[in-house]
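Everything on this sheet refers to the single structure shown next.
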Amino acid sequence: MNWILLILGGLFEIGFTSSLGKAKETTGTEMYLWYGGFVLCLFASMGLLIKATQTLPLGTAYAVWTGIGAVGTVLIGIFVFKEPANFWRIFFIFTLISSIVGLKFVSN
């Protein structure tokens, strides 16, 4: 169950970073709504991380949480914000994913 909470926390991390990107692109009320989404996602992400680390190893949980956020944010950047998707970016995304999966397998 705590792995599910950790994954959800990672998804909310993607939400708060994506909200920052969208807020940067907008003005007025819409910008403040995106900043509100940032705050909500931030609290949800941190809360889920705190809950998950009550039973999961802290180092592994943090690495998985940040890894999900990093990979997801890069993918959102590529697909939503039209950032470049060159060979080396994709290569290192797969390297990061492999590391996250490896940490999960060697954790208790």
Side-chain angles (χ1 to χ4, degrees):
M1 181 64 178
N2 285 313
W3 282 106
I4 294 169
L5 294 178
L6 186 62
I7 291 168
L8 286 172
L11 294 175
F12 275 108
E13 185 181 3
I14 297 166
F16 77 71
T17 56
S18 299
S19 294
L20 283 177
K22 291 300 280 185
K24 185 174 69 172
E25 294 180 346
T26 59
T27 59
T29 304
E30 188 178 358
M31 177 186 67
Y32 292 113
L33 290 173
W34 282 111
Y35 282 130
F38 164 79
V39 171
L40 291 174
C41 288
L42 178 66
F43 278 106
S45 181
M46 293 294 171
L48 290 166
L49 176 63
I50 290 167
K51 182 68 176 157
T53 57
Q54 290 175 350
T55 57
L56 298 175
L58 179 62
T60 301
Y62 184 74
V64 169
W65 178 77
T66 57
I68 291 168
V71 169
T73 301
V74 169
L75 293 176
I76 292 294
I78 291 169
F79 292 114
V80 175
F81 298 110
K82 307 299 184 221
E83 294 176 357
N86 60 39
F87 171 79
W88 289 111
R89 286 188 86 184
I90 302 302
F91 172 79
F92 286 116
I93 288 171
F94 281 113
T95 303
L96 182 56
I97 292 169
S98 300
S99 298
I100 294 166
V101 170
L103 278 173
K104 201 270 184 228
F105 280 121
V106 299
S107 296
N108 296 337

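As a basis for the values below, the full set of heavy atoms in this structure was taken, side chains included, without hydrogen atoms, waters or symmetry mates.
- The two residues Phe12 and Cys41 come nearest to each other via the heavy atoms O-CB, 3.5 Å.
- Put simply, the side chain of Leu11 reaches to within 4.5 Å of the side chain of Ile14, judged on heavy atoms.
- Here the shortest heavy-atom pairing between Phe38 and Phe16 reads CD1-O, 3.2 Å.
- Closest heavy-atom contact between Ile100 and Ala63: CG1-O, 4.3 Å.
- Between Glu25 and Trp34, every side-chain heavy-atom pair lies at or beyond the 4.5 Å cut-off.
- Listed here is the closest heavy atom pair of Ile93 and Val74: CD1-CG1, 3.1 Å.
- Within 6.0 Å of CZ on Phe81 lie more than 12 heavy atoms contributed by other residues, nucleotides or ligands.
- Note that CG of Leu6 is 9.5 Å distant from OG1 of Thr60, once rounded to the nearest 0.5 Å.
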**OP:** Using the side chain to side chain donor-acceptor pair (under 3.5 Å) rule, take Trp65 and Ser45 through it: C-alpha gap first, then chi angles, then the decisive distance, then the call.
**Re:** CA-CA 9 Å; Trp65 178 77; Ser45 181; 2.9 Å; yes
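- Of the charged side-chain nitrogens involved, at least one lies within less than 4.0 Å of a carboxylate oxygen, so that Glu83 and Arg89 count as a salt-bridged pair.
- The two residues Gly67 and Leu96 come nearest to each other via the heavy atoms O-CD2, 4.2 Å.
- Under the 4.5 Å side-chain heavy-atom criterion for grouping Ile, Leu, Val, Met, Phe, Trp and Tyr, Leu8 is not connected to Ile50 through any hydrophobic cluster.
- Considering only residues two or more places apart in sequence or on other chains, Ser18 meets the side-chain hydrogen bond (donor to acceptor under 3.5 Å, both in side chains) condition with none of them.
- Under the 4.5 Å side-chain criterion, counting only non-hydrogen atoms from C-beta, Ile78 is in contact with Ile90.
- Under the 4.5 Å side-chain contact rule for hydrophobic residues, Leu40 and Ile68 do not share a cluster.
- With a 4.5 Å cut-off on side-chain heavy atoms, Trp3 and Val64 count as touching.
- Note that the CD1 atom of Ile7 and the CD atom of Glu13 stand 13.5 Å from one another [nearest 0.5 Å].
- Note that OG1 of Thr17 is 13.0 Å distant from NZ of Lys22, once rounded to the nearest 0.5 Å.
- Residues Phe43 and Leu33 are members of separate hydrophobic clusters, defined by side-chain heavy-atom contacts under 4.5 angstrom among Ile, Leu, Val, Met, Phe, Trp and Tyr.
- Between Thr55 atom OG1 and Met1 atom CE the span is 10.5 Å, to the nearest 0.5 Å.
- Taking a 4.5 Å side-chain heavy-atom cut-off between Ile, Leu, Val, Met, Phe, Trp and Tyr, the cluster of Phe92 extends to Phe87, Trp88, Phe91.
- To the nearest 0.5 Å, the span separating CG on Leu56 from CD on Gln54 amounts to 10.0 Å.
- Cluster partners of Leu103: none. The rule joins Ile, Leu, Val, Met, Phe, Trp and Tyr whenever side-chain heavy atoms lie under 4.5 Å apart, and it links nothing here.
- The shortest heavy-atom contact between Leu49 and Ala61 is CD1-O, 4.3 Å.
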